[in-house]
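Taking it in order: structure first as structure tokens, then the write-up.
To find a chain, count down the sequence lines: A is the first, B the second, and so on, and within it residues start at 1.
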Amino acid sequence: MVEWTDFERATIQSIFGKMDYDDVGPAALSRCLVVYPWTQRYFGNFGNLYNAAAIQGNPKVAAHGKTVLHGLDRAVKNMDDIKATYAELSVLHSEKLHVDPDNFRLLADCLTIVVAARMGADFTADVQGAFQKFLAVVVSSLGRQYH
Amino acid sequence: MQTCAVRPSRHSTFTHSTSATGYNMLTKHEKELIAKIWDKMIPVASDIGAECLLRMMTTFPGTKTYFAHLDIRPGSPHLRSHGKKIVLAIAECSKDISSMMVTLAPLQTLHAYKLRIDPCNFKLLCHCILVTLAAHMGDEFDPVAHAAMDKYLSAFAAVLAEKYR
């Protein structure tokens, strides 16, 4: 079981409490598709992903970005058992969607950078540490049911 | 907590020196964008460098093992002077990315024979450099700039590790 300090718990609740999911979700996913173009392999039916502008303007990408970020909310609300929270989603990503689990890390990195850009100086080293620890647990849980 | 053993990320591992020069990976526009960003960092190199290092050591505590001989508390002069060296090296190299192999030759030797930092740590610092740039540039650090910068830093790290074995 993961141990969270008071600072870490407060930081995670604060960041997600203030976050506009419908802005950050699409921003993170579209960034991932631009910065790591091979991730586009999972979105063959999303239409035009031809260049950065197309990706950032694509409504299916935006909708899916929102879905993903709202999915992250489940971990925010269940920080003491993230592994169990994502057991089913892990199976889904492995057995049905066949997503390479390294992609979870790529998206987490892009999300970190989007949040850093939004928060500026408030995204201090300590806040970053807490945020990345949280995402590392999420990433690990999503990869847990792969075999 | 991420350590190298747990995070063998494949997306920034280059084994071919031609791709490592960045020469084939970056467009002319991307190289100009990268040079422009780093040019702005030169006057604040100590601040930026110290911040990158602090972010790295806070988020990835295993990296602190390389700094046992320095005072790495926030604001320390060691952190600032060391951070400045790193930022200036990256900025200098960005002025002529195609010549990266030549420019970095002395640093390659230093890292391979003297410092011997496990190269898996380079991507951890690169990530924290991207975070620092995002925190300072906000929306200006858009996906295109981010992609270009990530490619440049990956190439830089790969070249730095080339003399290790």
Any idea which of A:Val115, A:Leu33, A:Val34 has the most non-hydrogen atom pairs under 4.5 angstrom with chain B?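 When all of A:Val115, A:Leu33, A:Val34 are compared, A:Val34 has the most.
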Pick from B:Ala134, B:Ala135, B:Ala147, B:Pro143: which one has the most heavy-atom pairs with chain A under 4.5 Å? B:Pro143
For the rings on A:Phe134 and A:Phe16, is their centre-to-centre separation under 6.0 Å?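 Ring centres of A:Phe16 and A:Phe134 closer than 6.0 Å.
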Region of A:Ser140 that comes under 4.5 Å of a non-hydrogen atom in chain B: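 It is neither, since no heavy atom gets under 4.5 Å.
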I'd like to know if the side chain of A:Ser30 reaches the main chain of A:Pro26, judged simply by a donor and an acceptor atom lying under 3.5 Å from each other, with no hydrogens or angles considered.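 Yes, A:Ser30 side chain to A:Pro26 backbone: donor-acceptor pair under 3.5 Å.
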When you compare the side chains of B:Ser98 and B:Lys31, does any donor N or O come within less than 3.5 Å of an acceptor on the partner?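 Yes - a donor-acceptor pair under 3.5 Å links their side chains.
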Would A:Tyr36 and A:Asp109 count as having a side-chain donor-acceptor pair, cut-off 3.5 Å? no
